[in-house]
Amino acid sequence: MTVSLIEALQQVEDPRQARGRRYPLWVVLLLVILGMMSQCQGYSSLETFAERHKAALLETLGLPLKRLPSDSTFRAILQQLDYAHLLAVFNQWAQQYIELEPGSALSIDGKAIAGTITDEHGTQQNFLSLVSLYCQQQGVVLNAQAFESRQQSELAVVQQLLNALHLDGYIVTLDALHAQKKRLTRS
């Protein structure tokens with residue numbers, strides 16, 4: 001049985017208090033996904049996207065709303081979200097549609113998520129990053145893992161991803177970060 005993206009997003013736990021929930025969480029997350037696919041970069045551009053497509057979205061999704069989230073609503077929700085749970089739900093949803101052919105070309109890359117930096121004036125900044133496994137032939141993300149820079153490194157997360165996914169028989173490309181030789185320690 002396949003699950004739609006909306007059904008998958010409905011499984012994400014809502015971090016907000018019950019009082020004050022104007023929009024279902026799945027609606028906000030769907031708008032974020034659609035907005036990102038339309039090149040939105042930031043909360044205000046998500047609000048503009050939602051406003052521009054409001055009539056079509058409300059009709060297509062059958063939503064009884066008079067308006068869609070504002071930039072401050074996107075910000076508040078995204079700052080509270082459990083990204084590990086969201087990624088687990090997304091990965092499970094995405095993998096039900098993917099059948100990789102042996103020899104498929106896959107790319108792995110990590111990116112820092114803008115706006116997640118904390119302790120920006122400290123000696124070691126902390127930020128959220130996302131490592132994605134992308135299938136070039138199908139043009140889809142097969143898996144994604146989030147991590148905080150103070151808790152893990154991209155190298156470690158990629159190694160975990162490679163070990164967990166058993167990618168024997170596939171062509172996997174990585175950026176130069178993963179071509180490092182191990183550091184030799186002196187005794």
Item to check | Worked check of side-chain contact (heavy atoms from CB on, under 4.5 Å) between S132 and L130 | outcome: CA-CA 6 Å; S132 301; L130 186 68; 4.1 Å; yes
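- No donor-acceptor pair closer than 3.5 Å links the side chain of Q92 to the backbone N or O of V89.
- Side-chain atoms of E47 never come within 3.5 Å of backbone atoms of S70 as a donor-acceptor pair (strictly under, hydrogens ignored).
- At least one side-chain heavy atom of D14 sits less than 4.5 Å from a side-chain heavy atom of R21.
- Note that OH of Y43 and OG1 of T48 are 15.0 Å apart. Values are rounded to the nearest 0.5 Å.
- Counting only N and O atoms by type, the side chains of N91 and Q95 include no donor and acceptor under 3.5 Å apart.
- Considering only heavy atoms from C-beta on, Q160 stays 4.5 Å or farther from Q145 through its side chain.
- Checking side-chain atoms of Q138 against main-chain N and O of E99 turns up a donor-acceptor pair under 3.5 Å.
- No donor-acceptor pair under 3.5 Å is formed between the side chain of E13 and the backbone N or O of H85.
- The distance from atom CG of L162 to atom OH of Y170, rounded to the nearest 0.5 Å, is 13.5 Å.
- Counting heavy atoms of neighbouring residues, nucleotides and ligands inside a 6.0 Å radius, atom CD of Q41 does not exceed 12 of them.
- Between the side chains of E154 and S129, not a single donor N or O lies within less than 3.5 Å of an accepting N or O.
- Heavy atoms of other residues, nucleotides or ligands lying less than 6.0 angstrom from CD of Q137 number more than 12.
- Residue L86 holds its CG atom at 11.0 Å from CD of Q11, rounded to the nearest 0.5 Å.
- The distance from the CD1 atom of I33 to the SG atom of C40 is 12.5 Å, given to the nearest 0.5 Å.
- Nearest heavy atom pair, residue T2 against residue E7, reads O-OE1, 4.3 Å.
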Checklist entry - Given L30 and V28, is the side-chain contact (heavy atoms from CB on, under 4.5 Å) satisfied, shown in steps? => result CA-CA 5 Å; L30 183 63; V28 176; over 6 Å; no
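- Using modelled atom types, one side-chain atom of W93 and one backbone atom of V3 make a donor-acceptor pair closer than 3.5 Å.
- Across all their heavy atoms, Y23 and L68 have their closest contact at OH-O, 3.3 Å.
- The distance from atom CG of L87 to atom CZ of F147, rounded to the nearest 0.5 Å, is 12.0 Å.
- Side-chain contact between L161 and L133: present, with at least one pair of heavy atoms (C-beta onward) separated by less than 4.5 Å.
- Although no hydrogens or angles enter the test, the distance criterion places a donor-acceptor pair under 3.5 Å between the side chain of S45 and the main chain of G42.
- You'll find the side chain of L29 reaches within 4.5 Å of the side chain of L81, heavy atoms only.
- In terms of heavy-atom proximity, L174 sits nearest to V158 at CD2-CG1, 3.7 Å.
- Summarising the geometry of T173 relative to S107, their closest heavy-atom pair is OG1-OG, 3.1 Å, with the distance given to 0.1 Å.
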Next on the checklist: Assess the residue pair Q159 and N163 against the criterion (side-chain contact (heavy atoms from CB on, under 4.5 Å)); give the C-alpha distance rounded to whole Å, side-chain angles, the decisive distance to 0.1 Å, and a yes or no.
Outcome noted: CA-CA 6 Å; Q159 191 61 51; N163 291 337; 3.3 Å; yes
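- Counting heavy atoms from C-beta outward, L106 and I171 have side chains that stay 4.5 Å or more apart.
- Residues L46 and V32 form a side-chain contact, since some pair of their non-hydrogen atoms from C-beta on lies under 4.5 Å apart.
- Counting only distance, with no hydrogens or angles, the side chain of K54 and the backbone of F49 share no donor-acceptor pair below 3.5 Å.
- For the atom pair SG (C135) and CD (E101), the distance works out to 9.5 Å, reported to the nearest 0.5 Å.
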Next on the checklist: Checking I108 against V131 for the side-chain contact (heavy atoms from CB on, under 4.5 Å) test, could you report, in this order, the C-alpha distance in whole Å, the side-chain angles of both residues, the deciding distance, and whether it holds?
Outcome noted: CA-CA 7 Å; I108 296 179; V131 171; 3.7 Å; yes
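- At a threshold of 4.5 Å between non-hydrogen side-chain atoms, the residues L25 and P15 count as touching.
- Using a distance-only test at 3.5 Å, with no hydrogens or angles considered, a donor-acceptor pair links the side chain of Y83 to the main chain of L78.
- Remark: R22 CZ is loosely packed, at most 12 non-hydrogen atoms of other residues, nucleotides or ligands lying under 6.0 Å away.
- Taking 4.5 Å as the limit, every side-chain heavy atom of V27 sits out of range of all side-chain heavy atoms of I6.
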